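To start, the structure itself, in structure tokens.
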Amino acid sequence: MSLENTPAAPAPSDFIRDIVAAHVAENKYPRIHTRFPPEPNGYLHIGHAKSICLNFGIAREFGGICNLRMDDTNPTKEDIEYVESIQADVNWLISGWADDKLGLKPKGKTPEAIAGNGHRDFYLPATVPAPSPEPTVQSLEPFYASDYFDQIYDYAEQLVEQGKAYVCDLTPDETDEYRRNGKASPFRDRSVEENLALFQRMKEGEFPEGTRVLRAKIDVAAANIWMRDPLIYRIKHAEHHHTGAKWRIYPMYDFAHCLSDYIEGITHSICTLEFEVHRPLYDWILENLNLPRPLPHQYEFARLSLGYTIMSKRKLMQLVDEKLVTGWDDPRMPTICGIRRRGVTAVALRAFAYNIGITKYNGITDVSVLEYAIRDDLNKRSLRRLAVLRPIKVVITNYPEGKTEELDATNNPEDESAGKRKIPFSRELYIEQDDFKEVPPPKFFRLKPGGEVRLKYAYIIKCDEVIKDAAGNLVELRCTADLDSKSGGATAARKVKGTIHWVSVAHAVDAEVRLYDRLFTEAEPEKDGRDFKTTLNPHSLEVITAKCEPSLGGASAEHRYQFERLAYFALDLDSKPGQLVFNRTITLKDTWAKEAQKG
RNA sequence: UGUCCGAUGGUGUAAUGGUAACACAGCGCCCUUUGGAGGCGUUAUUCAUGGUUCGAAUCCAUGUCGGACAGCCA
């Protein structure tokens, strides 16, 4: 699929890119270096996709690198399962677009000590994967904040040595109270020696959790609460998924993050708005360590909110844990793996990320913007196929029994190179229930008693008779075909208002089709504090068996399909040989449904 | 309450002191062997008040409204 490697759109412009462009113009850094730093405590979702596209997009556009880093400073919430899913999702999303901008490091490598400025200092440069024409085993891995625990501990000691950090014995509740009231901790003025010894004993695991912390000594009365002697280390007797049992103390986000950025040589540390109030602390830590290399700076943008979607990792996990969806990769989930399984391509997701822009305004993006990006991409790439989701039988009474014709069909009207295929036609067909109305509403262009309709790629037929069972249920339609109306025939150019899809009964292939719809019934599932579970859409999944044209028997997960006049579909990973399972990625735009609703 | 941030059509964004524009959505028409796609057209916007200026979405002041943060989470 050549589209896979097509850049989504001209590079966008936004306030962060403007800043980066200015830095490039003034030669402020030898190279632009961003990073994508998820915490491995859940699966990546479409909000992360926005961030990935921003960070890797900047790396692409300004000749830089974007490191993938596990922000893993809280072992009790994190897991290797998430580390692996994050890598897979990032790789998928940037594949063919920014793989050569992905900053990794040799497996097991940790920062190297460098001398400078009379201080201890550390650096861990990035390696980008070599473009590999043949499959070479590249022993690279993502960065891990936890790989810097030794260095971060060292930096903490440097702060203590300077009298800029102290061990505090207040309980968590007391700490809260003191900070709220701008009151100094009674342990604030311990000697450097005592602090050093205590901090070391914390490291050795001598104290129970919650009994002591290391705090930066900044300003207990600062207007910004994050500057009121913030905690930078806490005791946790927990095993870490990456460092094992080595540590009893773990650095807090604020301390670890800026230093991780510095160690990796990050220039632009881009995060979401809620970290705005932390920025003074980010700067304070780096500035008070007398670091010799250029310091990274933090920039904030608005996280994505999408209509009919929830984005909180905690709540998504709740959907998984309570089996309200089948898993993190349920096609209804806004996770990257869920969206991928649904059949959305990385190209579409990137186009969406580009289209919504980057600002500091917290708005709610309409889902139609996402849906447009998906349709726009799928329209260009998908193979057209005929399939009937809810069949009714049609008998062409003037067509010979036992005869089969192979008709020409276009694979993709948007792409000549996709070629053509043959579809078998015979006397007995399935058509869509929705394409026949015994009592048609106004402007109904499809089949009705006594009316004519074009069978796509085949004949014009006329409905002569409606056969019902004793209970009055529709059993079959008996029609006659204009046998000259096939492509190239004498009456082929006859105008009939409607064209419908069909499948030959004798040649039909069955497939399980999973019809997905929005997970929530409300654009704002949690508006006014209501429980998001009360707005779950009970019809978000319907499973049916469809009748498909025979070529679909050879469907592949690499391709996307449009079942003509219905929707786009992708093969689900539950498919087995001879047992097709399709996911409905998204319906086609349906202006008739809209028209019918008006009437 | 404090700190920080924000406010441009229905929605999301652009215009960086000089004609308020783009996309999505909506509406209408054309085209169509997909009621898809495409083409054409169209509706609709600068939170308020004051100031600076020849000129303000943009700069300043005040106000209003909204958001984030106030975990030993990130």
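Bear in mind that the values here come from a model prediction, so they are computed numbers and not experimental data. Within every chain, numbering begins at 1; the chains are lettered A, B, ... in the order of the sequence lines, protein sequences first and strands thereafter. Basis for what follows: all heavy atoms, side chains included, without hydrogens, waters or symmetry-related copies.
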Are there any protein N/O atoms within less than 3.5 Å of an N/O atom in nucleotides 13-15 of chain B, and if so, which ones and at what distance?
{"residue": "B:U13", "atom": "OP1", "partner": "A:Thr359", "partner atom": "OG1", "Å": "2.8"}

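As judged by a 4.0 angstrom heavy-atom cut-off over every strand, A:Ser485 is placed among the base-contacting residues. At a threshold of 4.0 angstrom between heavy atoms, the contacts of A:His278 include nucleobase atoms, whether or not backbone atoms are also involved. Using a 4.0 Å heavy-atom distance criterion, A:Lys313 is classed as making no nucleic acid contact. Within 4.0 Å of A:Leu170, counting heavy atoms only, lies at least one base atom of the nucleic acid.
Close to B:G67, at under 4.0 Å from its OP1 or OP2, lies no side-chain N or O of A:Arg303. Contact between the side-chain N/O atoms of A:Thr73 and the OP1/OP2 oxygens of B:A74 is found at a separation under 4.0 Å.
Annotation: cation-pi pair A:Arg384/A:Tyr568 absent, no NZ/CZ under 6.0 Å from the ring centroid and within 45° of its normal.
For the segment residues 203-216 of chain A, the set of residues with a heavy atom within less than 4.0 Å of an atom of RNA chain B comprises A:Gly210, A:Val213, in numerical order.
Heavy-atom neighbours of A:Lys236 NZ from other residues, nucleotides or ligands within 6.0 Å: above the threshold of 12.
Among the nucleotides B:A70, B:C73, B:C69, the one closest to any side-chain atom of A:Glu274 is B:C69. For A:Asp176, taking side-chain heavy atoms from C-beta onward, the closest of the listed nucleotides B:C73, B:U3, B:C72 is B:C72. Listed nucleotides: B:C73, B:C72, B:C24. Nearest to the side chain of A:Leu231: B:C72.
Remark: A:Asp377 does not engage A:Arg560 in a salt bridge, criterion side-chain N to carboxylate O under 4.0 Å.
Rounded to the nearest 0.5 Å, atoms CZ (A:Phe569) and CZ (A:Phe563) are 5.0 Å apart. Separating the CG atom in A:Asp434 from the CH2 atom in A:Trp592 is a distance of 10.5 Å, to the nearest 0.5 Å.
A gap of 47 Å separates the P atoms of B:G66 and B:C30, to the nearest Å. For the P atoms, the distance from B:C72 to B:G17 is 43 Å, rounded to whole Å.
For A:Glu81 and A:Tyr43, the side-chain atoms include at least one donor-acceptor pair closer than 3.5 Å.
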- Note on the structure: Protein heavy-atom contacts under 4.0 Å, written 5' to 3' over nucleotides 34-42 of chain B as B (base), S (sugar-phosphate only) or - (none), form the string BBBS-----

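The aromatic rings of A:Phe275 and A:His278 sit perpendicular, their planes meeting at an angle over 60°, well past the 30° parallel limit.
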